[in-house]
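All of these numbers come straight from a predicted model, not from anything done at the bench.
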Protein chains: 2
Amino acid sequence: MKKINNINVDLGLEMALTASAYRAAGKKTLIVNGCDNITREQLGILLLLTLEDGLYQTQIANILGKDRPNITRMIDVLETKGYIRREKDESNRRILKVFLTEEGRKKADIAKPLKDRMNAAQYKNMTDEEILTLINLLRKVRKNIEVEYELNNNEV
Amino acid sequence: MKKINNINVDLGLEMALTASAYRAAGKKTLIVNGCDNITREQLGILLLLTLEDGLYQTQIANILGKDRPNITRMIDVLETKGYIRREKDESNRRILKVFLTEEGRKKADIAKPLKDRMNAAQYKNMTDEEILTLINLLRKVRKNIEVEYELNNNEV
DNA sequence: ACCTAACTGTTATCATACTAACAATTGTTA
DNA sequence: TAACAATTGTTAGTATGATAACAGTTAGGT
């Protein structure tokens with residue numbers, strides 16, 4: 001494990017722990033506020049659709065960084081719950097566009113301020129500069145990993 | 001979504017994307033180098049045991065930031081693969097201590113440099129100061145979240 | 001000693017992450 | 001046009017993340 005100033009720097013563990021706390025807090029926030037019939041990830045899809053309705057599944061997967069089987073399953077659930085509906089695209093019959101229902105829009109409107117409040121909590125006592133630094137460093141690490149990942153790809 | 005300098009700052013999404021790249025790269029590294037019969041998470045247990053053998057399951061769970069059911073399952077798998085063995089503690093019969101087998105130690109020795117190489121890759125072109133900053137900001141966010149999480153806990 | 005609370009590992013259940021493989025559709029190219 | 005490749009959504013299977021509930025064990029308080 002890399003050491004700096006005699007401090008162990010295991011980024012994987014740090015990210016796992018932070019992500020774990022993040023998930024727990026998000027779940028708790030939803031439950032405490034009566035949004036206990038939907039998960040944080042499912043809500044992410046609803047919130048995305050409030051920004052741009054009618055995306056198709058692969059677009060949703062790419063934007064949210066998830067894979068298509070996952071999106072299929074989550075959208076199945078959201079459709080069963082009546083929050084979204086699938087609609088065939090006549091110009092490309094492979095595509096299923098996803099739209100919010102009225103119920104789905106209502107749910108997103110209720111949950112949006114909860115997400116905002118959680119974002120505010122996680123950035124408490126942090127300056128804008130610190131937040132930007134954190135985001136940029138995460139992106140730098142991701143870029144490094146993706147480059148290395150592609151290198152490995154070519155090695156195979 | 002919080003905006004700084006007109007840039008969207010969705011830490012949850014950034015962490016999810018980075019963690020996803022991290023997982024993919026880790027998995028690929030193991031497969032490319034012939035360690036395809038073990039997962040990154042299972043390997044984490046083996047590497048921990050090389051630092052301190054004979055930990056019991058709850059200790060492993062706490063150190064790695066996982067829950068006990070997960071550890072039970074992963075250790076079941078590792079035991080089936082012959083990489084670890086459970087041993088009852090006579091002084092406290094609730095406890096099962098976990099030890100590396102010879103096979104497990106060999107596996108860990110083979111995989112350790114792969115993990116080190118991946119750590120080096122993710123920190124490429126980053127100064128020690130940047131790395132420390134990233135770790136400290138992640139910890140700060142985690143602390144914020146945990147405080148907020150406990151607050152919610154009390155509100156219930 | 002007895003009762004209760006806490007701890008440890010386990011099982012069951014559900015949601016997510018990921019891969020492989022597939023059918024249907026569309027795009028490309030010889 | 002015919003053959004092949006790529007795209008889209010789906011299904012199946014495995015591993016992980018997380019919670020609830022349980023039996024066995026230990027610790028604490030009366």
Side-chain angles (χ1 to χ4, degrees), chain A residues 12 15-28 30-31 36-45 55-62 64-81 84 86-98 149 153 156, chain B residues 12 15-28 30-31 36-45 55-62 64-81 84 86-98 149 153 156:
Chain A
M15 283 201 305
L17 294 176
T18 305
S20 177
Y22 190 84
R23 281 194 300 269
K27 186 167 192 174
K28 179 137 204 157
L30 287 177
I31 290 176
D36 56 344
N37 68 334
I38 195 169
T39 68
R40 203 173 52 87
E41 285 83 1
Q42 289 162 18
L43 182 60
I45 295 179
L55 292 169
Y56 62 90
Q57 298 188 191
T58 296
Q59 288 178 315
I60 295 174
N62 290 337
L64 297 181
K66 300 179 187 301
D67 43 89
R68 285 175 299 154
N70 248 316
I71 295 296
T72 291
R73 222 174 327 129
M74 284 192 280
I75 289 199
D76 282 345
V77 174
L78 289 172
E79 195 171 37
T80 300
K81 290 177 178 169
I84 60 100
R86 287 170 161 108
E87 193 172 297
K88 285 189 181 173
D89 186 329
E90 290 308 320
S91 73
N92 185 342
R93 286 179 298 170
R94 288 175 300 192
I95 288 178
L96 290 177
K97 290 188 166 182
V98 182
Y149 184 65
N153 240 326
V156 180
Chain B
M15 285 199 305
L17 293 176
T18 306
S20 178
Y22 191 83
R23 282 193 301 268
K27 185 166 193 174
K28 179 136 204 159
L30 288 177
I31 290 177
D36 56 345
N37 68 334
I38 195 170
T39 68
R40 202 174 52 87
E41 286 81 2
Q42 291 163 17
L43 182 60
I45 295 179
L55 292 168
Y56 62 89
Q57 298 190 189
T58 297
Q59 289 178 313
I60 295 174
N62 291 338
L64 298 182
K66 301 181 186 300
D67 42 83
R68 284 175 299 153
N70 247 315
I71 295 296
T72 293
R73 246 182 330 194
M74 285 192 281
I75 290 199
D76 283 346
V77 174
L78 288 172
E79 196 171 37
T80 301
K81 290 176 178 170
I84 61 100
R86 288 170 161 108
E87 194 173 298
K88 284 188 180 174
D89 186 327
E90 290 307 321
S91 71
N92 186 341
R93 287 180 297 170
R94 289 174 298 191
I95 286 177
L96 290 178
K97 289 187 169 183
V98 183
Y149 183 66
N153 242 328
V156 180

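One interatomic measurement links the two molecules: NZ of B/Lys27 to P of D/dT14, which rounds to 13 Å at whole-angstrom precision. Rounded to whole Å, atom P of D/dT8 lies 13 Å from atom CG of A/Leu55. Going from atom CG of B/Leu43 over to atom P of D/dT16 covers 11 Å, rounded to whole Å. Spacing between atom NZ of B/Lys88 and atom P of C/dT8 amounts to 17 Å, rounded to whole angstrom units. The distance from atom CD1 of B/Ile95 to atom P of D/dA27 is 10 Å, rounded to the nearest whole Å. Atom CE in B/Met15 sits about 13 Å away from atom P in C/dA17, given to the nearest Å.
Contact annotation: B/Ser20 does not reach the phosphate of C/dA17 (side-chain N/O to OP1 or OP2, under 4.0 Å). For C/dC7, the OP1/OP2 oxygens have no side-chain nitrogen or oxygen of B/Thr58 closer than 4.0 Å. Regarding contacts with the backbone of D/dT10, a side-chain N or O of A/Arg86 is found under 4.0 angstrom from either OP1 or OP2. Note on A/Gln59: every side-chain N or O is 4.0 Å or more away from OP1 and OP2 of D/dT8. For the OP1/OP2 pair of C/dT26 and a distance below 4.0 Å, the side-chain nitrogens and oxygens of A/Arg93 include at least one atom meeting the criterion. Neither OP1 nor OP2 of C/dG9 sits under 4.0 Å from any side-chain N or O of B/Tyr56. Applying the 4.0 Å criterion to OP1 and OP2 of D/dA18, one finds that A/Arg23 has a side-chain N or O inside that range. Taking 4.0 angstrom as the limit, B/Gln57 places a side-chain polar atom (N or O) nearer than this to OP1 or OP2 of C/dT10. Residue A/Lys66 places at least one side-chain N or O closer than 4.0 Å to OP1 or OP2 of C/dA17. Taking 4.0 angstrom as the limit, A/Asn70 places none of its side-chain polar atoms (N or O) nearer than this to OP1 or OP2 of C/dT16.
Between A/Lys27 and A/Asp36, no side-chain nitrogen of the basic residue sits less than 4.0 Å from a carboxylate oxygen of the acidic one, so the salt-bridge criterion is not met. Salt bridge A/Arg86/A/Asp76: present, at least one basic N to carboxylate O contact under 4.0 Å.
Between B/Met15 and A/Met15, every side-chain heavy-atom pair lies at or beyond the 4.5 Å cut-off. Inter-residue side-chain proximity for A/Glu41 and A/Met74 is flagged as met; some heavy-atom pair is nearer than 4.5 Å. Considering only heavy atoms from C-beta on, A/Leu96 stays 4.5 Å or farther from A/Tyr56 through its side chain.
Applying side chain to side chain contact (heavy atoms under 4.5 Å, CB included) to A/Ile45 and the options A/Ile38, A/Ile75, A/Val77, A/Leu55 leaves one that passes, A/Ile75.
Judged purely by atom type and a 3.5 angstrom limit, B/Thr72 uses its side chain to pair as donor or acceptor with the backbone of B/Arg68. Proximity of a side-chain donor or acceptor of B/Lys88 to a complementary backbone N or O of B/Arg94 within less than 3.5 Å is not detected.
Mapping A/Arg40 and A/Pro69 onto DNA chain C by nearest heavy atom places A/Arg40 at the nucleotide closer to the 5' end.
At its two ends the helix from C/dA1-D/dT30 to C/dA30-D/dT1 runs along axes set 20° apart, each axis drawn from five pairs and the angle rounded to 10°.
In the region residues 71-80 of chain B, proximity to DNA chain D at under 4.0 angstrom, judged on heavy atoms, holds for B/Arg73, B/Met74.
Environment of NZ in B/Lys97: sparse, with no more than 12 heavy atoms of neighbouring residues, nucleotides or ligands closer than 6.0 Å.
On a pure distance criterion of 3.5 Å, a polar donor-acceptor pair joins the side chain of A/Arg68 and the base of D/dG9.
Atom CD of A/Gln59 is separated from atom CD1 of A/Ile71 by 11.5 Å, given to the nearest 0.5 angstrom.
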